[in-house]
Amino acid sequence: MGKQRILSGIQPTGELHLGNYLGAIRNWVELQRDYDCFLFMADLHAITVPHDPKTLAASTYKVAALYLAAGIDLEHATIFVQSHVPAHTELAWLFLCITPLNWLEDMIQFKEKAVKQGENVSAGLLSYPVLQAADILLYEPDKVPVGEDQKQHLELTRDIAARLNYQFGSEGHPILKLPEPMIRAEGARVMSLTDGTKKMSKSDPSDLSRINLLDPPETIQHKIKRCKTDPIRGLQFDDPERPECHNLLTLYLVLSGKTKAEVAAECQDMGWGQFKPLLTETIIAALAPIQKKYAEIMGEPGYLEQVLKQGKERAEAIANSTLMKVKKALGYSLPL
Ligand code: AQP
């Protein structure tokens, strides 16, 4: 039996940071040994919030280069740009026509982001979980790695597939395969450096809130120096009154490769003045090989274009076959 397939992606909406690395990319690097990975740059999703056309293409390439720099291996993974495979938008349209509006209005992320955007909220923001369903179902993955915040969208994906199968398939012959969620281990959520109760995010207006994967050592040092802490001496995990302390210790834990017990013992009597330089050095050392590889990839003319062209071809072969299956079930005449 071949390897099971997984699918995942990141939006090229800004600088990739430690949260994207520890919460997503690093897991893919581990999973690629056992799974056939389809990894994409979600550039169609990137325009559901205001975006700059001047930087979209470059950001998309940058994300692809960072996947490779962080250890994604083309022997095990296919990397492609979402907008290079038109089947995504076509299947999304077909899904939109069978998805009840109230399913989308009930999505927690929509409600939260809609409040923030007020009257400017786009129909794209409402319907993007349907595009996400198309992204996933086109590749018939066995599993989809998701964070807690995306669980509801994966359920919607399964609901859309089940509805299509029920309405247009026949008993025992489903048109679409329902993927299973692969929920990430706890502790994979990296929090903001300026507020330990908020997740580290590309769209946070303050660059001081995150460590970007391409930050040079002096920037990392500056950000850790400035990051929010508390006046308590002695550092410990899991104190709900000290979210920043928990977050920074967790970062040290995952990047140093030490166990939780080792870190707890090492840091229990430390003050911030002692811990911050240690964390800074650990982050710089963890990011150095990624940054070196990134520079090599970007310095090789035509390499990334070649990777993405090959990725598009591989992705398209699978995506088009699923799309044809769905169109056939919906009664479309297929091109000869
Ligand atoms: N802080 C985080 N901790 C752990 N994992 C995180 N991810 C994002 N932030 C953290 C994971 O990275 C992947 C990328 O997701 P995305 O770009 O599609 O959107 P997102 O989750 O909304 O990420 P950002 O960085 O917060 O982007 P913006 O600000 O543009 O919305 C996902 O697997 C996500 O779980």
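Start at 1 and go down the list; that is how both ligands and their atoms are numbered.
By the 6.0 Å contact criterion, NZ on Lys328 is open, its count of non-hydrogen atoms from other residues, nucleotides or ligands being 12 or less. By the neighbour-count criterion of 12 heavy atoms within 6.0 Å, atom NZ of Lys260 is densely surrounded, having more than that number from other residues, nucleotides or ligands.
Distances below 4.0 Å separate heavy atoms of Met200 from the following atoms of ligand 1: 1 (N), 2 (C), 9 (N), 10 (C). The ligand atoms of ligand 1 that sit less than 4.0 angstrom from a heavy atom of Arg189 are 3 (N), 4 (C). Annotation for ligand 1: atoms under 4.0 Å from non-hydrogen atoms of Gly23 are 4 (C), 5 (N).
Considering each of Gln11, Gln109, Gln150, Lys199, the one bringing a non-hydrogen atom nearest atom 21 (O) of ligand 1 is Lys199. With distances taken over non-hydrogen atoms, the option nearest atom 12 (O) of ligand 1 out of Asn247, Val63, Asn20, Ile10 is Asn20. When Ala24, Ser203, Pro12 are checked for heavy-atom proximity to atom 33 (O) of ligand 1, Ala24 turns out nearest. Between the choices Leu16, Asn27, Leu22, Val190, the shortest heavy-atom distance to atom 3 (N) of ligand 1 belongs to Val190.
For ligand 1, none of its N or O atoms has an N or O atom of Gly9 under 3.5 Å away.
Among protein heavy atoms, the minimum distance from atom 30 (O) of ligand 1 is reached at Thr13 OG1, 2.8 Å. Of the protein's heavy atoms, Ser201 OG, 2.9 Å lies nearest to atom 26 (O) of ligand 1. Of the protein's non-hydrogen atoms, His17 NE2, 2.7 Å is the one closest to atom 25 (O) of ligand 1. Scanning the protein for heavy atoms near atom 35 (O) of ligand 1, the closest one is Arg184 NH2, 2.9 Å. In terms of protein heavy-atom proximity, atom 17 (O) of ligand 1 is nearest to Lys202 NZ, 2.4 Å. Considering only non-hydrogen protein atoms, atom 4 (C) of ligand 1 sits nearest to Ala188 O, 2.9 Å. Of all protein heavy atoms, the one closest to atom 6 (C) of ligand 1 is Gly19 O, 3.3 Å.
Side chains of Gln109 and Gln150 form a contact here, defined as non-hydrogen atoms less than 4.5 Å apart.
The shortest heavy-atom contact between Lys225 and Lys276 is O-NZ, 2.9 Å.
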Walk me through whether Tyr128 and His153 qualify under ring-ring contact (aromatic ring centres under 6.0 Å, His included). CA-CA 10 Å; Tyr128 101 83; His153 289 169; 5.4 Å; yes
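In this structure, His88 and Tyr139 have tilted ring planes: the angle between them lies in the 30° to 60° band.
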